[in-house]
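Below you'll find the structure, written out as structure tokens, and then a few comments.
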Amino acid sequence: MSGNSSLPDAARDAIRESAARFPSGRQRSAVLDALRLAQDGNGGWLSVELMDAVAEELALPPIQVYEVATFYSMFEVRPVGRHCVSVCTNISCWLRGGRELLKHLESRLGISAGESTVDGRIFLKEEEECLAACTGAPMMMVGHRYHENVTPDEADRIVERLR
Amino acid sequence: MDLVHVCMPPPDAERPWRLESYEGRGGYRVWRKVLAGELDAGQVLETVKASGLRGRGGAGFPTGLKWSFMPRDCEQPTYLVCNSDESEPGTCHDRDILRYNPHVLIEGMALSAFAMGATVSYNYIRGEFLGEPVPRFLDALDEARAAGLIGRGLGAAGIDFELHPFAGAGAYICGEETGLLESLEGKPGKPRFKPPFPAQSGLYGRPTTVNNTQTLACVPAIVEKGAEWFKSLGPPNSAGTMIYSVSGHVERPGNYEAPLGVSFNDLLEHAGGVWKGRKLKAVIPGGSSVPVLPAAIIRECTMDYDSLSEAGSALGTGAMIVMDDRTCMVSVLRRIARFYYAESCGQCTPCREGTGWLYRMLTRMLEGRARVSDLDLLLSVANNIEGHTICALGDAAAWPVQSFLKHFRGEFEEKIRSSRAFARQREAAYA
């Protein structure tokens, strides 16, 4: 769960590329992309130092970065496990066992939703809201990958493969 | 019931997301006409207006009318923004347009921007789509750019059309058009007061139109085949097709594109009927924000704007959530309430506080810590949110409560009594 406190050069380049999609002086629009790049390069979470580095890169007051990092659910501002696992429990998934799937993973991993395993391998995200795969319910997301029509056994196999 | 593909590719198309496949099906014919100078903006605008196309994102506002609010011949830039922040519970068809037919969206955006005189457009795609829908859309953008369909000074007509992708980062509220614009400006997605409407002051304070993915994906076919053709697909006031996302307790959940106005019974049958041979109890016909309808009422409905509105609900996003006769309506409503509580942006007090109240009161009902009279309180909280907030999230939190109580009040009373009795027994057992 350790992390970097500064942005790697590749992330800086990508942030500049992202900012180029917006009119000049509107680089604030690139803050979501910038935070995502920073988080991806830091084991899945954003430290204050990283958020400050993003602010500096985009020439923004740090508060404009903090308020975005804490508003959106895909940003984590505390250390979490390497692999982010989300189980949707919203209505379409709820009706087809999404809640049971989450309970199963909680007991399998020995953690509650919102916690990470002690080995830092898996972060089980808080009860997830609809991820727009309702016709494949129940579903779970690992990183950015969707798994649909997931049974508890499949969920076990999916999390076992994560290293 | 026959499937009709306007936004989705035909099921037998091979790698339908590739430019080759899209053009093989007649794709970009209309846009190429525009680039050749054979079609002007007024023609595109008038055709879409006459087609009766209504926004597919939930509100059903007439698309051509929305476009006509954009000032004409004004200084650039003006913007078109596509809303691919699909997150209304039960709804998952925009994801399939991005995955399987991204070029229809690109062509639809090109034609729409052209009709409104906008030269720059953004597609705001929800961040959770970064795994598959976003890469598909990016690949399609590259293909279209290489083919001279996106860029500056395009074709003989020398048209400018720029299209940039944008990925969100997880917030239902960014599906609200002004929340989306705030997010696109790099801020928390807190909706703006209207007026001014985006057509006057939108992205970076410039005239902007925000349209849903499926709405824009309808445009190429409308311009090519004509307004009358599109209108003839559905009943009055409900032109065209809808990709119905059928989820919940059915045998074959799926996205089925069919004309508006198909009967509910046919659609349910197409999805294999209620699963496990059980009986139908209730349906939320247009995403979790629209009122629930009990079996007896929805059985009489057709899937279009007027029929569902007359029945006391709405077509919304066309996401049909089906519930069988073993479903506990109190638990379902509590889960829906949790959603609005979690997703309220927090700027309006009635919504920020009220959604939490709804969730906690429903939790108490399930845990045996409520009285039957609390149902009136629950309803009063919902009524005090509705209409008292900047955006429609507050209304969307209230409508499920009002409709669940309207149709299933007896079940709520029974659940409160039985949970209370159960809790007392348990207390006695451990005393």
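Note on naming: letters A, B, ... go to the chains in the order of the sequence lines (proteins, then strands), and numbering restarts at 1 for each one. Values in this document were obtained by computation on a predicted structure and should not be read as measured data. Only heavy atoms go into these numbers, but all of them, side chains included; no hydrogens, no water, no symmetry mates.
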Quiz item: Roughly how far, to the nearest 0.5 Å, is the SG atom of A/C130 from the CD atom of B/E86?
Solution: 8.0 Å

Quiz item: Where do B/R126 and A/L131 land on the side chain to side chain contact (heavy atoms under 4.5 Å, CB included) test, with the steps shown first?
Solution: CA-CA 9 Å; B/R126 70 177 295 179; A/L131 293 168; 3.7 Å; yes

Quiz item: For the candidates B/Y172, B/F339, B/Y204, which exhibits the highest count of non-hydrogen atom pairs separated by less than 4.5 Å from chain A?
Solution: B/Y204

Quiz item: Got more than 12 heavy atoms from elsewhere within 6.0 Å of CD, B/E251?
Solution: yes

Quiz item: By a 4.5 Å heavy-atom criterion (distance strictly below it), what part of B/T327 contacts chain A: side chain, backbone, both, or neither?
Solution: side chain

Quiz prompt | Heavy-atom check, side chain of A/I91 versus side chain of B/V332, under 4.5 Å | solution = yes

Quiz prompt | Residue part contacting chain A, namely of B/I321, when any heavy atom lies under 4.5 Å | solution = side chain

Quiz item: Using a cut-off of under 4.5 Å for heavy-atom pairs, which of A/A30, A/G136, A/P23 has the most such pairs with chain B?
Solution: A/P23

Quiz item: Within a strict 4.5 Å, meaning less than it, do heavy atoms of the A/L32 and B/F166 side chains meet?
Solution: yes

Quiz item: Do B/C92 and A/C134 come within less than 4.5 Å of each other through their side chains, counting heavy atoms only?
Solution: yes

Practice problem: Ignoring hydrogens and angles, tell me if any N or O in the side chain of A/S29 forms a donor-acceptor pair with the backbone of B/L184 under 3.5 Å. | Solution: yes

Quiz item: Considering heavy atoms only, which positions within residues 150-163 of chain A lie below 4.5 Å of chain B?
Solution: none

Self-check item: Student check: side-chain heavy atoms of A/L95 and B/D324 closer than 4.5 Å
Solution: no

Exercise. Could you check which of B/A171, B/A271, B/P253, B/G127 has the highest count of heavy-atom pairs closer than 4.5 Å to chain A?
Key: B/P253

Quiz item: Heavy-atom distance under 4.5 Å to chain A: side chain of B/A342, backbone, both or neither?
Solution: side chain

Quiz item: Can B/R338 and A/E129 be counted as an ion pair, charged N to O under 4.0 angstrom?
Solution: yes

Quiz item: Considering only heavy atoms from C-beta outward, does the side chain of A/F71 approach that of B/S183 to under 4.5 Å?
Solution: no

Self-check item: Toward chain A, the part of B/V120 with a non-hydrogen atom under 4.5 Å
Solution: neither

Quiz item: So what's closer than 4.5 Å to chain A heavy atoms on B/I173: side chain, backbone, both or neither?
Solution: side chain

Quiz item: Taking the six-membered ring for Trp, is the centroid-to-centroid distance between B/Y122 and A/F22 below 6.0 Å?
Solution: yes

Quiz item: For chain B, which residues from residues 137-148 of chain A lie under 4.5 Å away (heavy-atom distances)?
Solution: A/M141, A/H144, A/Y146, A/E148

Quiz item: Taking every heavy-atom pair that is under 4.5 Å apart, which of A/R36, A/E126, A/R99 has the most such pairs with chain B?
Solution: A/R36

Quiz item: Can you list the steps and then say if A/E67 with B/K190 is a salt bridge (Lys or Arg N to Asp or Glu O under 4.0 Å)?
Solution: CA-CA 12 Å; A/E67 67 174 358; B/K190 296 183 178 177; over 6 Å; no

Quiz item: Between B/Y79 and chain A, which part of the residue has a heavy atom less than 4.5 Å away: side chain, backbone, both or neither?
Solution: side chain

Quiz prompt | Straight-line distance of B/C174 SG to A/Y72 OH, nearest 0.5 Å | solution = 4.0 Å

Quiz item: With a 4.5 angstrom heavy-atom cut-off, which part of A/S18 approaches chain B: side chain, backbone, both or neither?
Solution: neither

Quiz item: Which answer fits B/P77, side chain, backbone, both or neither, if we ask what part of it has an atom under 4.5 Å from a heavy atom of chain A?
Solution: neither

Quiz item: What part of B/E343 gets closer than 4.5 Å to chain A, counting heavy atoms only: side chain, backbone, both or neither?
Solution: side chain

Quiz item: Which value, rounded to the nearest 0.5 Å, describes the distance between B/E162 atom CD and A/R21 atom CZ?
Solution: 11.0 Å

Exercise. Heavy-atom pairs under 4.5 Å with chain A are the metric here; pick the option from B/G248, B/G168, B/S245, B/S288 that has the most.
Key: B/G248

Quiz item: Can you tell which of B/G131, B/G90, B/S87, B/P188 has the highest number of heavy-atom pairs within less than 4.5 Å of chain A?
Solution: B/P188

Quiz item: What's the verdict on side chain to side chain contact (heavy atoms under 4.5 Å, CB included) for A/R28 and B/E185, showing C-alpha distance, side-chain angles and the deciding distance?
Solution: CA-CA 6 Å; A/R28 187 176 177 184; B/E185 292 183 1; over 6 Å; no

